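See structure below.
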Amino acid sequence: MRKPRDFDSELKALDSKARQLKQAKLQQLGELVVATGADALPVEQLAGALLAAVSASDMIMREDWRQRGAAFFQRQGKARGRARSRAASTAAADGGTASSGSATGAE
């Protein structure tokens with residue numbers, strides 16, 4: 001005979017996982033606002049810009065935004081790669097005594 005499934009505990013686990021994913025998404029959105037410099041805008045202005053983006057039906061404008069966003073993330077990735085390679089080369093030049101964490105922590 002098979003062991004009966006505990007649906008209550010499975011639902012609780014799924015609910016917990018959903019809450020964790022929602023929290024991670026909110027944190028990533030906040031980090032995105034800070035990384036783009038949009039945190040310097042007044043909240044009302046940022047909300048208005050986001051509402052305009054959501055309601056925009058001009059596909060050419062939306063594609064332009066997508067391309068600018070992709071370029072932003074590519075620049076960010078390249079900058080992190082350069083910082084890591086600088087830290088590695090500094091550590092190699094110092095005979096491995098330099099901490100690579102200090103160079104990457106400035107990102």
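Start at 1 with the first residue, then count along the sequence. Just so it is clear, the model here is predicted, and its values are computed rather than measured.
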Donor-acceptor contact present, side-chain Arg62 to main-chain Ala56, <3.5 Å: yes

CD1 (Ile60) with more than 12 external heavy atoms under 6.0 Å: no

Atom pair CG/CG of Leu26 and Leu21 - distance to nearest 0.5 Å: 11.0 Å

Minimum heavy-atom distance between Ala35 and Gln76, given as atom pair plus value: CB-NE2, 4.2 Å

Criterion side-chain contact (heavy atoms from CB on, under 4.5 Å) on Phe73 and Leu32, from CA distance to verdict: CA-CA 10 Å; Phe73 286 116; Leu32 179 63; 3.6 Å; yes

Partners passing salt bridge (Lys or Arg N to Asp or Glu O under 4.0 Å) against Asp15 (at least two apart in sequence or in another chain): Arg19

Flag, side chain of Ser16 to backbone of Lys12, donor-acceptor distance under 3.5 Å: no

Between Gln67 and Glu63, a side-chain donor and acceptor under 3.5 Å: yes

Val33 with Leu50, same ILVMFWY side-chain cluster at under 4.5 Å: yes

Side chain to side chain donor-acceptor pair (under 3.5 Å) evaluation trace for Gln23 with Gln27: CA-CA 6 Å; Gln23 184 63 32; Gln27 182 175 349; 5.5 Å; no

